[in-house]
2 protein chains.
Amino acid sequence: MVEQEINTENKILDAAKRVFLKNGFDGARMQEIATEAGINKALLHYYFRSKDKLFDAIFTEAFSQFLPKVGEVMMTDIPFLEKIRIFIDSYINMLTKNPHLPIFVLHELHRNPGRIVQIIKNTGVDPNIISKILKSEAKKGNIVEMDAKHLVPNIIGLCLFPFVARPILQAIIFNGDEKAYESYLLERKEEVYKFITNALIKK
Amino acid sequence: MVEQEINTENKILDAAKRVFLKNGFDGARMQEIATEAGINKALLHYYFRSKDKLFDAIFTEAFSQFLPKVGEVMMTDIPFLEKIRIFIDSYINMLTKNPHLPIFVLHELHRNPGRIVQIIKNTGVDPNIISKILKSEAKKGNIVEMDAKHLVPNIIGLCLFPFVARPILQAIIFNGDEKAYESYLLERKEEVYKFITNALIKK
DNA sequence: GTCTATATTGTGATAGAC
DNA sequence: GTCTATCACAATATAGAC
């Protein structure tokens, strides 16, 4: 965790992140961001010129946080299934700390898919790394053959769904009980791991 | 499919659905809905009094469409794994026809989770039906033991993710190629089915 | 039922003093 | 850098003619 200096700019960015993530671009109000940051609207424009520019700063950072750095874990020397476990664990941890992040990113991307082209270029993801690892593991006979373009979305989908659909699942499965749902989210770590390994291991 | 009379009210509802699903409540403009419906703003208010009321009509219907009717398939006499296949197939078909639906529902629910309480009551879902079926199948030795509160979200998460994250996956995996992504989405039916059955079948 | 015109409020952005 | 006051426009909603 990088220690942030508490100056006005960071106060604004903090407040903007909270407000944008909760309400989206269209639902967010510059006044609310200002109040949240303990300043006035004029100062927002002094620092960021426009709502758009302020939003861009928030979105770019949010997106890179949301996009799992699958490559990083994969490049290490750890056994394959252990990599999977670590990935699930850290991704669910991140989602627990940032519950508004996924819907925010997905909604804004949906409203303006063009945005992503530029961002992806800057991030520089390489989907081939995982493909190679999967092929090599399958050759060794450790797992069934499976294409990375399916496995990776499978894993992320399994982690993500209980967070994005929280209001629905919490209402239906747990009668709205918040605490029960938080335990459920933690259970998911083991559950998702078991589900994936079961699907991957040869019969 | 119920045949709709083409009167002004239905023209408005059609237009409103398109505009709300694409832009969300905050991003939608009454003017755009009016233009899309081939009428003027005043007439919108004549039929629905306010933007809120018009939105409610759209959201309630969208939600019930999004919420998979898991119970329906489950009550039939078909073999268990076949039920799973049918569910996946029909849910992915629905998503293909309504690509904007999930993000719309999830975003609006996220902005106002309180909404769901009322809607769930009216829908009357019973999560216990599936629990019972799963237990009976596990007893027969057909599948591993698995709690419905995990299996159902697993299945839906696997179906849903490639739709809600389409801009990201299409950009990274397929370099933005639309046609390639559409084939990918169809592949998912078989892929998700195989993944789930692999995870469910005893070793 | 449908339209044009208008009232009213909300909101991003700027001017200008300190 | 920070504030108050204000502009300019956009958007929901209503009035009233036809």
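Throughout, a chain's letter reflects where its sequence line sits, starting with A, and its residues are numbered from 1.
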Of all the nucleotides listed (D/dA13, C/dA15, D/dT12), which has the minimum atom distance to the side chain of B/Arg29? D/dT12
Quickly work out the A/Ile33 CD1 to C/dG10 P distance and round it to whole Å. 18 Å
Can A/Glu187 and A/Ser183 be counted as having a side-chain donor-acceptor contact under 3.5 angstrom? no
Nearest whole Å is fine: how far is C/dG1 P from B/Ile6 CD1? 17 Å
Evaluate whether atom NZ of B/Lys22 has more than 12 neighbouring non-hydrogen atoms of other residues, nucleotides or ligands under 6.0 angstrom away. no
Once you apply a heavy-atom cut-off of 4.0 Å, does A/Ala34 come out as touching a base, just sugar-phosphate, or nothing? nothing
Quick one: does B/Lys69's side chain have a donor or acceptor within less than 3.5 Å of a partner on B/Leu67's backbone? yes
Distance in angstrom units between A/Asp26 CG and D/dT12 C1', rounded: 16 Å
A/Gln31 CD to C/dG12 C1': how many Å, rounded? 11 Å
Closest to the A/Met30 side chain, choosing from C/dC3, D/dA13, C/dA13: C/dA13
Given atom CD of A/Glu32 and atom C1' of C/dG10, what is their separation to the nearest angstrom? 14 Å
DNA chain C: 5'-proximal contact among B/Asn40 and A/Ser50 (nearest heavy atom): B/Asn40
Is there a side-chain contact between B/Asn23 and B/Glu32 (heavy atoms, below 4.5 Å)? yes
Spacing between B/Lys51 atom NZ and C/dT8 atom P, to the nearest angstrom: 21 Å
Compute the ring centroids of A/Phe104 and A/Phe20, then answer whether they are less than 6.0 Å apart. no
Please report, rounded to the nearest Å, how far the P atom of C/dT2 is from the NZ atom of B/Lys11. 7 Å
Are any of B/Thr8's side-chain N or O atoms less than 4.0 Å away from OP1 or OP2 of C/dG1? no
Checking D/dC3, C/dG12, C/dC3 against the side chain of A/Leu43 (C-beta onward), the nearest is D/dC3
Please report the distance, rounded to the nearest Å, between CG in B/Leu54 and C1' in D/dA13. 14 Å
Name the residue closer to the 5' end of DNA chain D, choosing between A/Lys41 and A/Tyr46 according to the nucleotide with the nearest heavy atom. A/Tyr46
Between D/dC3, D/dA13, C/dG12, which nucleotide has the shortest distance from any of its atoms to the side chain of B/His45? D/dA13
